[in-house]
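First the structure, in the form of structure tokens, and then the observations on it.
Sequence lines set the chain letters: A, B, ... in the order given, protein chains first and strands last, and positions in each chain run from 1. Side-chain atoms are counted along with the backbone in the values below, which use heavy atoms only and exclude waters and symmetry mates. Because the structure is predicted, anything quoted here is derived from the model rather than measured.
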There are 2 protein chains.
Amino acid sequence: MKIGERWKRAFELSRKRITPSRKAIVEVLEEQRKHLSAEEIYSCLREKHKKVGIATVYRNLELLSQMGIVHRVNFGDGKEHYEIARIPALHHHHLVCTVCGRVIDYQDFRKEEHEFMEGLGRVLETKYDFLIQSHQLYFYGICKDCRLKEVGE
Amino acid sequence: MKIGERWKRAFELSRKRITPSRKAIVEVLEEQRKHLSAEEIYSCLREKHKKVGIATVYRNLELLSQMGIVHRVNFGDGKEHYEIARIPALHHHHLVCTVCGRVIDYQDFRKEEHEFMEGLGRVLETKYDFLIQSHQLYFYGICKDCRLKEVGE
DNA sequence: CACCAAATGATAATAATTCTCATTATCACG
DNA sequence: CGTGATAATGAGAATTATTATCATTTGGTG
Ligand SMILES: [Mn+2]
Ligand SMILES: [Mn+2]
Ligand SMILES: [Zn+2]
Ligand SMILES: [Zn+2]
């Protein structure tokens, strides 16, 4: 099932209204498939001549995150970023360069990783009486370019 | 080796000065062993009658994070939190309630998890030419109390 | 003890996000 | 297909976390 069809159903179920702003925000994230900040999404919308206020962008990113339609990710650069949620089979994680901020999406070991996380998640649910909804894994390090620059200096 | 002895050595090696502010900040984090925001650390220092400016708190938390003496963690509540780094054998991860913000430190499956992360890390290092320094795993969900409240409404 | 780069404190500046409130639009219902 | 209750929006103000500036102080080396 395409994510595009899915989110409309989710809106109906949760009794949230389907508005032009919401459609436009999801559209931008689906097209770009990148990690965009609220401000970047706002700019994209302006370029497309969709007039949506910045407050509405923030409000809806919050809502869409809670609904699981978008993922909010934080790379430690002082602002939140958002990306469209992929189907579970395409779930991915992040590799962050602590020097230049470059972020790599990786999905290697998707299956093993997913199994491991599922198993761990189940144990935690039982032990801590939590209902687990999602997880995020970040690896931090130094990318090739930044390592070369360091040596050069 | 106690972490307390270790960080002084790290300072000498990286040619950073051991100042009263830095000692005091590490001290607070070692005593409290919690996830404190910069502002909370600043308050603790004032209570202990150590006069350290807020800017110095931020500056040193940045430095201590880079040195690996403290860990900067983000639970999605709009501010960074800091905790003293534990020795690798006591490495832990986080379980975050998306409703009330409660955070649980867990260290179950420490060994299996660590092995898994090490293995995954090595593959990523090779494939993406990254030098990996650390990783963080977050599980998000709803805690027991928040689930009970939801039903009550 | 003197020197000097590094560190600090006070405060201003910036940047991200949230709040307020008057106006507009969605959609369930008749 | 209207209509009304109520959710959503936009503009801008307000708030909050974090960073920058710069004159002053200090740690550590010799
Ligand atoms: Mn991603
Ligand atoms: Mn912790
Ligand atoms: Zn880099
Ligand atoms: Zn909770």
Side-chain angles (χ1 to χ4, degrees), chain A residues 7-28 35-46 48-67 69-70 72-82 98-99 101, chain B residues 7-28 35-46 48-67 69-70 72-83 98 101:
Chain A
W7 71 265
K8 293 193 185 181
R9 205 160 306 168
F11 266 79
E12 286 160 11
L13 285 174
S14 62
R15 287 191 233 80
K16 295 287 174 186
R17 294 177 179 175
I18 296 174
T19 66
S21 326
R22 287 170 183 174
K23 273 193 256 188
I25 291 168
V26 172
E27 209 176 281
V28 164
H35 311 114
L36 300 173
S37 67
E39 207 66 50
E40 284 168 337
I41 292 165
Y42 177 68
S43 301
C44 283
L45 292 171
R46 310 213 82 242
K48 298 175 88 183
H49 307 290
K50 314 249 175 178
K51 22 191 175 329
V52 182
I54 186 71
T56 298
V57 172
Y58 275 103
R59 278 189 288 243
N60 285 328
L61 287 171
E62 170 67 29
L63 176 69
L64 293 164
S65 298
Q66 284 185 347
M67 295 179 72
I69 294 163
V70 315
R72 162 189 271 144
V73 287
N74 186 297
F75 303 127
D77 62 345
K79 49 184 165 274
E80 301 289 337
H81 284 80
Y82 303 84
T98 52
V99 178
Chain B
W7 71 264
K8 292 194 187 183
R9 205 160 306 169
F11 267 78
E12 286 161 11
L13 286 175
S14 61
R15 288 190 231 79
K16 294 287 174 187
R17 293 178 178 173
I18 296 174
T19 66
S21 327
R22 286 169 183 175
K23 273 193 255 188
I25 291 168
V26 172
E27 210 175 280
V28 164
H35 312 114
L36 300 173
S37 67
E39 207 67 48
E40 285 169 337
I41 292 165
Y42 177 68
S43 301
C44 284
L45 292 170
R46 310 213 82 240
K48 298 176 88 182
H49 307 289
K50 315 248 174 177
K51 22 191 175 329
V52 182
I54 186 71
T56 299
V57 172
Y58 275 104
R59 278 188 288 241
N60 284 327
L61 287 171
E62 170 67 28
L63 176 69
L64 292 164
S65 298
Q66 283 185 348
M67 295 178 73
I69 293 163
V70 314
R72 163 190 272 146
V73 286
N74 187 297
F75 303 127
D77 62 346
K79 46 182 167 276
E80 301 288 336
H81 288 257
Y82 303 84
E83 65 183 336
T98 51

Fill in the blank from the handout: Correct closest heavy-atom pair for B:Y42 and B:G53 would be CE1-C, 4.0 Å
Problem - Side-chain donor or acceptor of B:S14 paired with backbone N/O of B:A10 under 3.5 Å - result: yes
Handout entry: chain B footprint on DNA chain D, 5' to 3' - any atom under 4.0 Å from a heavy atom
Key = D:dA17 to D:dG28
Distances under 3.5 Å between protein N/O atoms and the N/O atoms of nucleotides 14-16 of chain C, please, pair by pair.
residue, atom, partner, partner atom, Å
C:dA16, OP1, A:K79, NZ, 3.2

Problem - A:K23 and A:I18, any side-chain heavy atoms less than 4.5 Å apart - result: yes
Practice task
Identify, with sequence neighbours excluded, every residue that meets side chain to side chain contact (heavy atoms under 4.5 Å, CB included) alongside A:E40.
Solution key: A:L36, A:S37, A:H81
Handout entry: B:R72 with B:E62: basic N within carboxylate O range, under 4.0 Å
Key = yes
Practice task
Report the distance from atom OH of B:Y58 to atom CD1 of B:I25, rounding to the nearest 0.5 Å.
Solution key: 11.5 Å
Exercise for the section: Check whether any side-chain heavy atom of B:N74 sits under 4.5 Å from a side-chain heavy atom of B:K79, and report yes or no. Expected result: no
Handout entry: Contact pattern, 5' to 3', of nucleotides 4-10 of chain C - B, S or - by protein heavy atom under 4.0 Å
Key = -BBSBBB
Problem - B:S65 side chain to B:L61 backbone, donor-acceptor under 3.5 Å - result: yes
Practice task
For residues 48-61 of chain B, pull every pair meeting salt bridge (Lys or Arg N to Asp or Glu O under 4.0 Å), keeping only residues two or more places apart or in separate chains.
Solution key: B:E27-B:K48, B:E27-B:K50, B:E31-B:K48
Exercise for the section: Assess the pair B:F75 and B:H35: is the distance between their ring centroids shorter than 6.0 Å? Expected result: yes
All N/O pairs under 3.5 Å across the protein-nucleotides 28-30 of chain C interface:
none

Problem - Side chain proximity check, B:Y82 to B:V73, heavy atoms < 4.5 angstrom - result: no
Handout entry: Pairwise side-chain contact, B:F11 with B:L64, heavy-atom cut-off 4.5 Å (strictly under)
Key = yes
